[in-house]
Amino acid sequence: MNAPLTRSSAEEYRQISSGEMTPGMAARYLREERLPLRHFGDALRAMYPAPDLRQRLILAFQEDEALSPLSAARKVHNWLSGSFKPGDREEVFRVAFALGLSEGQAGALLGLCSDYGIHYREGRDLVYAWFLRHALSYREAREFFLSLPPVPRQAQPPKTDSVSITHELQSAFTLIQTTEELRERYIASLPLLGTYHLRAYRYFQRYLDNLIRPKPAWEAGPEPDYSLDAVMERYLSLHMPSGRTRAGYSLTQKLIKRNWPNTTALKNIRAQREDVPRKLLLLLYIITENVTDDQYTELDEDYLSLENRLDDHWWIVNAMLIDCGMPVLDPHNAFDWLVLYALAATGDESMSERLEQVIDELYADIR
């Protein structure tokens, strides 16, 4: 289920699972940028180690975007140096086609640049994945997609119990061999296509409902239902500095704060007007500690060592992320590293308390 950790990732994981790092030490480790971050250029070199990587990308973007040689070279230089990554999913697909990457590699690049890999219920992703699978060109894929009828706008959001639709579509389109068959199946599937991820919404709804209607403590009176404003303030703020300005922030501080949830986002996601961000889903896991019912979980037992408990959470979280079409935890991603540190809470300390302590220390200079 989980890809094997690289040696450096395994060392980061071991450092967290040792239990030797206090929240203050963790904050300093991140603030001083001692965590080696993985960027888009690293991924490209790993997937395409040939010496013509730079030139191949420059030529592709000159042709596909009609960029000048200077503009194309600047764009590629910024990607390979780690200064920037593609700003949208279309650009990531262009890169995948230019380098002749596999469908799986394209999904991994999409996950690195956004919250999700290939989404097989979204029309463009579905078509581009088919063209990648058959080693055809980006131009052919783009022209074919633009020739298709638009996906009809749904009056109501899709029912969240239809969570198998994406997998069924992926399997069905894998069997198609010609563009004629692809067009026919695509048109027949239009009522099933959509932008938002149903499985991620299912997890989001389950976690959020648990926060809106918390279970009362033993022998205590009933807890009140919380508004989304109260949920945001009580649970999700986690001492993160408010405001949009990033002046004075380090790279790590920017990466962790980027797209931090707010009440407006919660309302839009709940109404299925926006997709569920990966960062929010991980925060909800930490806040609820994945406890949304009264079922027994072995993770509550005292006999489990810190290492065993963290290993169990590692597998559970990654299983959830894979189920949602999201990238698994990466110890070389600043936010993911912080999530792993929170998952390693022990004793009477909750995961959210552990996360708050690191955020307090990490952003102390900002306040």
Side-chain angles (χ1 to χ4, degrees), residues 1-3 5 9 12-13 16-17 23 26-27 30 35 37-38 108 110-117 119 196-211 228 231-232 234-240 252-263 265-266 268-270 274-292 297 299 309-345 349-359 362-363:
M1 181 181 296
N2 295 329
L5 288 173
S9 293
E12 296 297 333
Y13 188 92
I16 292 172
S17 65
L30 293 171
L35 173 66
L37 300 177
R38 200 188 316 277
L110 286 167
L112 187 64
C113 296
S114 67
D115 285 342
Y116 294 93
H119 182 21
Y196 300 136
H197 293 72
L198 305 182
R199 289 179 179 269
Y201 186 81
R202 180 187 61 179
Y203 285 100
F204 163 81
Q205 192 173 47
R206 188 179 70 187
Y207 289 137
L208 186 66
D209 286 350
N210 193 60
L211 298 179
L228 291 184
V231 167
M232 187 66 222
R234 183 181 178 92
Y235 299 111
L236 281 164
S237 61
L238 293 168
H239 297 182
M240 178 60 69
T252 302
Q253 288 171 326
K254 289 178 182 177
L255 291 174
I256 292 174
K257 180 175 170 57
R258 179 181 295 164
N259 298 325
W260 198 266
N262 55 45
T263 304
L266 290 182
N268 287 335
I269 295 165
R270 195 182 189 196
E274 293 181 15
D275 221 338
V276 180
R278 181 176 179 272
K279 181 170 288 186
L280 174 59
L281 199 60
L282 290 171
L283 287 174
L284 289 172
Y285 183 99
I286 288 172
I287 293 163
T288 63
E289 304 206 2
N290 200 36
V291 177
T292 56
T297 172
L299 290 172
R309 186 176 285 108
L310 180 58
D311 285 346
D312 285 346
H313 279 299
W314 166 267
W315 285 94
I316 294 169
V317 169
N318 281 338
M320 175 184 71
L321 293 173
I322 291 170
D323 194 33
C324 295
M326 297 175 175
V328 297
L329 291 171
D330 178 7
H332 286 294
N333 172 297
F335 180 73
D336 286 11
W337 190 96
L338 186 54
V339 166
L340 283 169
Y341 185 80
L343 293 177
E349 180 185 40
S350 71
M351 294 180 188
S352 56
E353 288 171 340
R354 189 172 170 87
L355 185 58
E356 280 182 334
Q357 291 178 58
V358 179
I359 291 174
L362 181 59
Y363 294 90

Exercise. Taking the side chain from Y363 and the backbone from Q253, do they hold a donor-acceptor pair closer than 3.5 Å?
Worked result: yes
Problem set entry | Point-to-point distance, once rounded to the nearest 0.5 Å, from CG of L329 to CG of D336 | 5.0 Å
Seminar exercise, completed: OH of Y116 to CZ of R278, rounded to nearest 0.5 Å, is 10.5 Å
Problem set entry | Approximate separation, where rounding is to 0.5 Å, of Q205 CD and L198 CG | 11.0 Å
For this session: Measure across S9 and R38 and return the closest heavy-atom pair with its distance rounded to 0.1 Å.
Result: OG-NH2, 3.1 Å
For this session: Please test F335 against L283 for side chain to side chain contact (heavy atoms under 4.5 Å, CB included), starting from the C-alpha separation and ending with a verdict.
Result: CA-CA 10 Å; F335 180 73; L283 287 174; 4.0 Å; yes
For this session: Give the minimum heavy-atom separation between I269 and P277, together with the two atoms involved.
Result: CD1-CD, 3.5 Å
Seminar exercise, completed: To the nearest 0.5 Å, atom CG of L37 lies from atom CH2 of W337 at 11.5 Å
Exercise. Have N290 and Y203 got a donor and an acceptor in their side chains that come within less than 3.5 Å?
Worked result: no
Exercise. Taking all non-hydrogen atoms of both residues, which atom of A334 and which atom of T252 are closest, and how far apart?
Worked result: CB-CG2, 4.0 Å
For this session: Please answer whether the main-chain N or O of V291 pairs with a side-chain N or O of N210 as donor and acceptor at a distance below 3.5 Å.
Result: yes
Seminar exercise, completed: Sorted by chain and number, sequence neighbours left out, side chain to side chain contact (heavy atoms under 4.5 Å, CB included) with N262 holds for T264, A265
For this session: Give the C-alpha distance, both sets of side-chain angles, the deciding distance and a yes or no for side chain to side chain contact (heavy atoms under 4.5 Å, CB included) between H313 and I286.
Result: CA-CA 10 Å; H313 279 299; I286 288 172; over 6 Å; no
Problem set entry | Rounded distance (nearest 0.5 Å) linking atom CG of L110 with atom CG of D115 | 11.5 Å
Problem set entry | W260 side-chain N/O to K279 backbone N/O, donor-acceptor pair under 3.5 Å | no
Exercise. Any sub-3.5 Å donor-acceptor pair from R354's side-chain atoms to P23's backbone N or O?
Worked result: no
Problem set entry | Distance-minimising heavy-atom pair for L340 and Y13 | CD2-CE1, 4.2 Å
For this session: Measure the CE-CG distance between M320 and L281 for me, rounded to the nearest 0.5 Å.
Result: 4.0 Å
Problem set entry | Flag, side chain of E289 to backbone of M351, donor-acceptor distance under 3.5 Å | yes
Problem set entry | Derivation of the side chain to side chain contact (heavy atoms under 4.5 Å, CB included) call for I287 and Y207 | CA-CA 9 Å; I287 293 163; Y207 289 137; over 6 Å; no
For this session: Evaluate side chain to side chain contact (heavy atoms under 4.5 Å, CB included) for L343 paired with W314, printing each intermediate quantity in order.
Result: CA-CA 8 Å; L343 293 177; W314 166 267; 6.0 Å; no
Exercise. Does any non-hydrogen side-chain atom of L208 lie less than 4.5 Å from one of L228?
Worked result: yes
Exercise. Do the side chain of D275 and the main chain of H197 share a donor and acceptor less than 3.5 angstrom apart?
Worked result: yes
Exercise. So, for P331 and L35, which heavy atoms are closest and what is the spacing to 0.1 Å?
Worked result: O-CD1, 3.3 Å
Problem set entry | Ionic contact status for R202 with D323, cut-off 4.0 Å | yes
For this session: Specify whether Y201 and F204 have parallel, tilted or perpendicular ring planes, treating 30° as the upper limit for parallel and 60° as the lower limit for perpendicular.
Result: tilted
For this session: Flag the pair L112 / P327 as yes when at least one side-chain heavy-atom distance between them is below 4.5 Å, and no otherwise.
Result: no
Problem set entry | Smallest separation among heavy atoms of A26 and V358, with atom names | CB-CG2, 4.2 Å
